Amino acid sequence: MSDKKHTTTSGIEIKELYTSANPVEEKPGEFPFTRGIQKDMYRGRLWTMRQYAGFSTAEESNKRYHYLLKQGTTGLSVAFDLPTQIGYDSDHEMAEGEVGKVGVAIDSLKDIEILFDGIELKDITTSMTINATASILLAMYIALAKKQGADLKQISGTIQNDILKEYAARGTYIYPPKPSMRLITDIFEFCSNEVPKWNTISISGYHIREAGSSAVQELAFTLANGKTYLKAAIDKGLDINIFAKRLSFFFNCHNNFFEEIAKFRAARRMWAKITKELGATEEKAQMLRFHTQTGGSTLTAQQPLNNVIRVTNQAMAAVLGGTQSLHTNGYDEALSLPTEAAAKIALRTQQIIGFESGVTDTVDPLAGSYFIENLTDEVEDAAWKYIDKIDAMGGSVNAIESEYMQNEIAGASYQYQKEIENGDRISVGVNKFIQEEQGLTEVFNIDDSIRQLQTEKLNQLKASRDNKAIEQALNNLKDAARTDVNLMPFIVVAVEQYATLGEIADVFRETFGEY
């Protein structure tokens with residue numbers, strides 16, 4: 001009998017054998033939704049198969065979107081480059097070397113028109129990974145939907161819009177926390193009236209995990225942030241039974257198969273309790289709906305084809321955990337943006353799980369497993385301990401400003417790296433089963449000429465638009481930002497006049513300051 005202690009990545013000890021668990025009497029589709037938010041789950045409809053894509057120019061990304069839609073993807077997911085994420089136009093000196101590199105460069109409504117050329121927004125759902133400038137990108141999307149003649153009451157999709165995790169883990173914030181929270185609640189209020197099917201925030205644990213947190217920390221810090229957004233919306237006078245239905249979550253899925261499944265089951269149960277305590281009485285307002293992406297930080301540059309197996313393992317855990325939407329990473333993403341070949345294999349992975357594996361034939365197939373039920377309870381208990389600490393500090397904003405979350409994530413990241421380096425945790429091809437590298441023959445590169453292309457487009461735009469109307473729209477926005485009126489209608493007007501992303505972000509920099 002081995003004396004070696006086995007633990008999950010969060011440090012929860014795993015027993016050699018489980019022989020009992022609390023009996024699970026609840027049913028799927030019923031509070032507290034441990035077993036899933038729909039009664040029939042994937043028998044009724046498979047999860048949305050999204051592929052996260054965006055690179056270079058709007059023209060190039062548009063080609064990839066048409067390719068993915070032809071391959072059978074059922075929802076688009078847009079990656080934006082760093083200048084777009086932090087509110088700089090492509091010709092700004094701060095954008096040098098970054099234009100089009102980690103996502104698509106968007107400078108104005110003109111780029112959004114090109115990005116979705118030939119794609120009817122009424123026919124697809126679009127997820128946009130954007131935070132500090134989420135209000136501006138959403139306004140551009142709405143402006144394009146109007147130009148296409150779409151019914152705004154019917155268009156659907158998601159903006160990430162989760163600024164708290166930017167301060168805690170990712171770093172693409174612009175303004176201080178309080179005005180950032182104001183922009184978020186303005187979006188909640190505007191969309192509940194104008195774009196009611198839009199998911200106004202995707203509260204993200206993904207980047208918390210990518211920064212090195214454990215599974216438990218990812219769960220706890222994400223739900224604590226979600227609780228803060230709920231309270232901010234309630235303080236603005238919004239009805240939790242209406243706006244909570246338009247919140248969604250974005251989780252990571254790493255390699256520890258059973259811990260990840262337990263994390264997703266615990267997340268639903270915990271969110272149901274949090275929303276109920278804050279006054280939600282309708283079941284749809286108590287449901288945690290989530291998108292999953294397989295773990296980018298788990299991909300290895302060594303023996304990159306091994307990543308196909310990692311991604312399959314993670315995707316299966318996400319499905320068994322009850323995800324509503326899934327993105328699978330390309331096997332080559334530790335080396336570059338995904339090639340078309342890698343993106344196709346990633347999508348086929350989801351399709352094979354969905355149509356060939358049989359795991360979708362029944363709801364929550366692992367329910368009642370002694371191990372899964374015990375682990376779900378333990379993950380939940382460990383996450384509540386973190387949330388109780390954060391509540392005692394006065395909530396997420398205070399926990400972030402005091403750097404509590406950041407320090408906890410850094411500690412977990414250091415511990416994980418130490419375990420890899422001393423061989424206590426095995427990474428195949430990295431610290432065990434190493435072989436001489438042969439590398440991939442094809443990687444995806446973006447050259448620096450993209451910035452020049454975008455700058456030329458900006459110059460043409462500024463020469464052809466009505467600059468007096470722009471000046472008026474930006475002045476109106478500035479005046480509004482100094483009051484407490486909802487800013488979204490003013491942003492929509494500015495983007496419709498072809499004000500640039502950077503011009504609008506600069507109005508807020510001037511009014512709110514930078515953090």
Side-chain angles (χ1 to χ4, degrees), residues 46-81 84 99-107 110-130 137 140-141 144-145 148 150 155-158 160 291-294 296 299 304-305 307-308 311-312 314-315 318 323 325-356 440-447 449-450 453-454 457:
L46 291 184
W47 61 92
T48 301
M49 296 181 189
R50 292 192 189 281
Q51 285 309 102
Y52 186 48
F55 55 88
S56 179
T57 61
E59 289 87 347
E60 288 302 311
S61 292
N62 176 262
K63 287 179 198 165
R64 177 67 67 92
Y65 294 161
H66 281 285
Y67 170 79
L68 288 169
L69 290 165
K70 278 188 194 138
Q71 297 301 319
T73 193
T74 52
L76 296 177
S77 187
V78 186
F80 297 96
D81 72 357
T84 305
V99 176
K101 288 290 174 74
V102 298
V104 62
I106 299 293
D107 292 321
K110 191 70 76 182
D111 285 323
I112 288 286
E113 289 166 2
I114 296 164
L115 187 67
F116 292 102
D117 186 38
I119 299 168
E120 291 291 325
L121 301 191
K122 67 181 172 56
D123 297 333
I124 57 159
T125 67
T126 305
S127 172
M128 297 194 279
T129 303
I130 195 75
L137 269 298
M140 290 179 184
Y141 195 89
L144 176 59
Q148 288 186 352
I155 66 162
S156 64
T158 305
Q160 193 165 103
H291 169 71
T292 309
Q293 183 174 339
T294 56
L299 303 178
L305 286 172
N307 295 327
V308 175
V311 168
T312 305
Q314 294 162 10
T323 194
S325 163
L326 179 60
H327 164 80
T328 32
N329 289 330
Y331 61 79
D332 52 7
E333 287 189 58
L335 298 161
S336 71
L337 289 167
T339 54
E340 276 196 4
K344 189 197 283 186
I345 286 287
L347 179 58
R348 294 289 181 259
T349 302
Q350 294 196 49
Q351 290 164 336
I352 289 167
I353 291 171
F355 296 104
E356 294 187 21
L440 291 176
T441 53
E442 185 188 4
V443 292
F444 194 95
N445 289 312
I446 303 290
D447 66 53
S449 65
I450 302 304
L453 283 172
Q454 285 297 112
K457 278 159 68 178

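In this text, all values refer to a predicted model and were calculated from it rather than measured experimentally. Values below: every heavy atom of this structure, side chains too, minus hydrogens, waters and symmetry copies.
Atom CD1 of residue Ile155 and atom OH of residue Tyr141 lie 6.0 Å apart, to the nearest 0.5 angstrom. For the atom pair CD1 (Ile114) and NZ (Lys457), the distance works out to 4.5 Å, reported to the nearest 0.5 Å.
When all heavy atoms of Gly100 and Ala105 are compared, the closest pair comes out as N-CB, 4.2 Å. Listed here is the closest heavy atom pair of Tyr331 and Ala341: OH-CB, 4.4 Å.
Using a 4.5 Å heavy-atom cutoff, the side chains of Ile353 and Trp47 are in contact. At a threshold of 4.5 Å between non-hydrogen side-chain atoms, the residues Gln293 and Asn329 count as touching. Residues Val104 and Asn62 form no side-chain contact, since every pair of their non-hydrogen atoms from C-beta on lies 4.5 Å or further apart. Ile130 has its side chain out of reach of Gln160: every pair of non-hydrogen atoms, C-beta onward, lies at least 4.5 Å apart. The shortest side-chain heavy-atom distance between Ser77 and His327 does not fall under the 4.5 Å cut-off. Counting heavy atoms from C-beta outward, Glu113 and Met140 have side chains that stay 4.5 Å or more apart.
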- Message: Walk me through whether Met128 and Thr158 qualify under side-chain contact (heavy atoms from CB on, under 4.5 Å).
- Response: CA-CA 6 Å; Met128 297 194 279; Thr158 305; over 6 Å; no
- Does the side-chain contact (heavy atoms from CB on, under 4.5 Å) test come out yes or no for Tyr67 and Lys70, once each step is laid out? CA-CA 5 Å; Tyr67 170 79; Lys70 278 188 194 138; 5.8 Å; no
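Partner of Gln71 under the side-chain hydrogen bond (donor to acceptor under 3.5 Å, both in side chains) criterion, out of Gln351, Lys344, Arg348: Arg348 alone.
Side chains of Thr323 and Thr292: a donor on one and an acceptor on the other come within 3.5 Å.
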Pair up each side-chain donor or acceptor in residues 116-125 with any protein partner under 3.5 Å, not counting sequence neighbours, and list the distances.
{"from": "Thr125", "atom 1": "OG1", "to": "Arg50", "atom 2": "NH1", "distance (Å)": "3.3"}
{"from": "Thr125", "atom 1": "OG1", "to": "Arg50", "atom 2": "NH2", "distance (Å)": "2.9"}

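The neighbour count for Ile345 CD1, taken as heavy atoms of other residues, nucleotides or ligands under 6.0 Å away, does not exceed 12.
Put simply, the side chain of Ser325 never gets that close to the backbone of His291: no donor and acceptor are under 3.5 Å apart. A donor-acceptor pair under 3.5 Å is absent between the side-chain atoms of Asn307 and the main chain of Leu299, judged by distance alone. Panel note: side chain Asp332, backbone Thr339; a donor-acceptor pair is recorded below 3.5 Å. Judged by distance alone, the side chain of Gln350 and the main-chain N or O of Leu347 form no donor-acceptor pair under 3.5 Å.
Scored by the side-chain hydrogen bond (donor to acceptor under 3.5 Å, both in side chains) test, Thr57 finds Glu59 as partners (sequence neighbours excluded).
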